[in-house]
Peer 1: 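Input: one structure, supplied below.
One is the number of the first residue; the rest follow in order along the sequence.
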Amino acid sequence: MSRTPAKPTTKTSTRAWQRMLSGRRLDLLDPSPLDVEIEDIAHGLARVARWNGQTHGAHIFSVAQHTLLVETVARAKWPSLDRSARLAILLHDAPEYVIGDMISPFKAVIGGSYKVVEARLLAAIHVRFGLPPKHTEPVLKIIKTADAGAAFLEATHLAGFSATEAQRFFGPPPKLTPAIERDYLTPWSAGTAERHFLERFAALAKP
């Protein structure tokens, strides 16, 4: 009796890691602090667009530039912040070097799974650079306030929002000098944003 040969079975697995330019492979489901490099973070964030790229200027307004603006807003409002808190503020959007910057309306659509991945990545990044895995409540409150202030400025200077509309979504604007607003709200090239991010990180990461 002849028997039809069984079809070969193949086992495939979904790739859940991202290969970085440093050569690291960062697993999104189980990220290791050992696979986190600040050069990869800076390079990635400098090339991720805020507002889905819907901003004025010759360049995108990058997440790297946004994080520098947020840290500047926080320093202006809370000048006594210690180095550790400022570093946490600078890195608050660091997971986006892997997962990109999803606009808030889309995050609301996809629900909590995005937040789970984001939290794991942020914890690995924090541990890599000597920060607590999770933000303390006071630091988290500062980040949210400074982030909203930066969003107001970006919305009105770059994304076409009126001041009234921006205040409805993000609250009142932060108090910054015109020179600081001009410097931080003129979109930089990717190379410039990457360099400034690394410089600020180096200043804050010093023991």
Peer 1: What I'd like to find out is whether the side chain of I142 reaches to under 4.5 Å of the side chain of W78, using heavy atoms alone.
Peer 2: yes
Peer 1: Do Q18 and M20 have side chains that get closer than 4.5 Å, going by heavy atoms?
Peer 2: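 Yes, side chains in contact.
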Peer 1: Do side-chain atoms of D93 reach the backbone of E96 as a donor and acceptor pair under 3.5 angstrom?
Peer 2: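 No; judged by distance alone, with no hydrogens or angles, the pair does not exist.
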Peer 1: What side-chain donor-acceptor pairs closer than 3.5 Å can you find for residues 29-37, not counting sequence neighbours?
Peer 2:
{"residue": "S32", "atom": "OG", "partner": "L34", "partner atom": "N", "Å": "3.1"}
{"residue": "E37", "atom": "OE2", "partner": "R24", "partner atom": "NE", "Å": "3.0"}
{"residue": "E37", "atom": "OE2", "partner": "R24", "partner atom": "NH2", "Å": "3.0"}

Peer 1: Give me the atom names and distance for the closest heavy-atom approach of A94 to I125.
Peer 2: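 Shortest heavy-atom separation between A94 and I125 comes out as CB-CD1, 3.7 Å.
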Peer 1: Applying salt bridge (Lys or Arg N to Asp or Glu O under 4.0 Å), can you list everything that pairs with R47, at least two apart in sequence or on another chain?
Peer 2: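 R47 satisfies salt bridge (Lys or Arg N to Asp or Glu O under 4.0 Å) with E194 once adjacent residues are dropped.
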Peer 1: Sequence neighbours left out, what passes salt bridge (Lys or Arg N to Asp or Glu O under 4.0 Å) with R86? Give chain and number order.
Peer 2: none
Peer 1: Just by distance, no angles: are the side chains of S22 and D40 close enough, under 3.5 Å, to form a donor-acceptor pair?
Peer 2: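 Per modelled atom types, S22 and D40 side chains form a pair under 3.5 Å.
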Peer 1: Donor-acceptor check, side chain of T67 to backbone of A64, threshold 3.5 angstrom: yes or no?
Peer 2: yes
Peer 1: With ring-ring contact (aromatic ring centres under 6.0 Å, His included) as the rule and sequence neighbours excluded, what pairs involving residues 127-151 come up?
Peer 2: H126-H135, F129-F201
Peer 1: Would you sort out whether V73 and K77 count as a side chain to side chain contact (heavy atoms under 4.5 Å, CB included), showing the intermediate values?
Peer 2: CA-CA 6 Å; V73 170; K77 188 172 179 62; 5.5 Å; no
Peer 1: Would you mind writing out the side-chain donor-acceptor pairs for residues 145-161 within the sub-3.5 Å range, not counting sequence neighbours?
Peer 2:
{"residue": "T145", "atom": "OG1", "partner": "K141", "partner atom": "O", "Å": "3.0"}
{"residue": "D147", "atom": "OD1", "partner": "H66", "partner atom": "NE2", "Å": "2.8"}
{"residue": "E154", "atom": "OE1", "partner": "R50", "partner atom": "NE", "Å": "2.9"}
{"residue": "E154", "atom": "OE1", "partner": "R50", "partner atom": "NH2", "Å": "2.9"}
{"residue": "E154", "atom": "OE1", "partner": "W51", "partner atom": "NE1", "Å": "2.9"}
{"residue": "E154", "atom": "OE2", "partner": "H66", "partner atom": "ND1", "Å": "2.6"}
{"residue": "T156", "atom": "OG1", "partner": "F152", "partner atom": "O", "Å": "2.9"}
{"residue": "T156", "atom": "OG1", "partner": "L153", "partner atom": "O", "Å": "3.3"}
{"residue": "H157", "atom": "ND1", "partner": "L153", "partner atom": "O", "Å": "3.0"}
{"residue": "H157", "atom": "NE2", "partner": "E181", "partner atom": "OE1", "Å": "3.3"}

Peer 1: Which of these passes side-chain contact (heavy atoms from CB on, under 4.5 Å) with W188: H59, H196, R195?
Peer 2: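 The single option meeting the side-chain contact (heavy atoms from CB on, under 4.5 Å) with W188 is H196.
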Peer 1: With rounding to the nearest 0.5 angstrom, report the CG to CD1 distance, L185 to I180.
Peer 2: 10.5 Å
Peer 1: Can you pull out every salt bridge (Lys or Arg N to Asp or Glu O under 4.0 Å) where at least one residue sits in residues 51-71? Sequence neighbours excluded, please.
Peer 2: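 Only E71-R75, E71-R200 qualify under salt bridge (Lys or Arg N to Asp or Glu O under 4.0 Å).
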Peer 1: Rounded to the nearest 0.5 Å, what separation is found between the CD1 atom of I89 and the CG atom of L81?
Peer 2: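 These two atoms lie 5.0 Å from each other.
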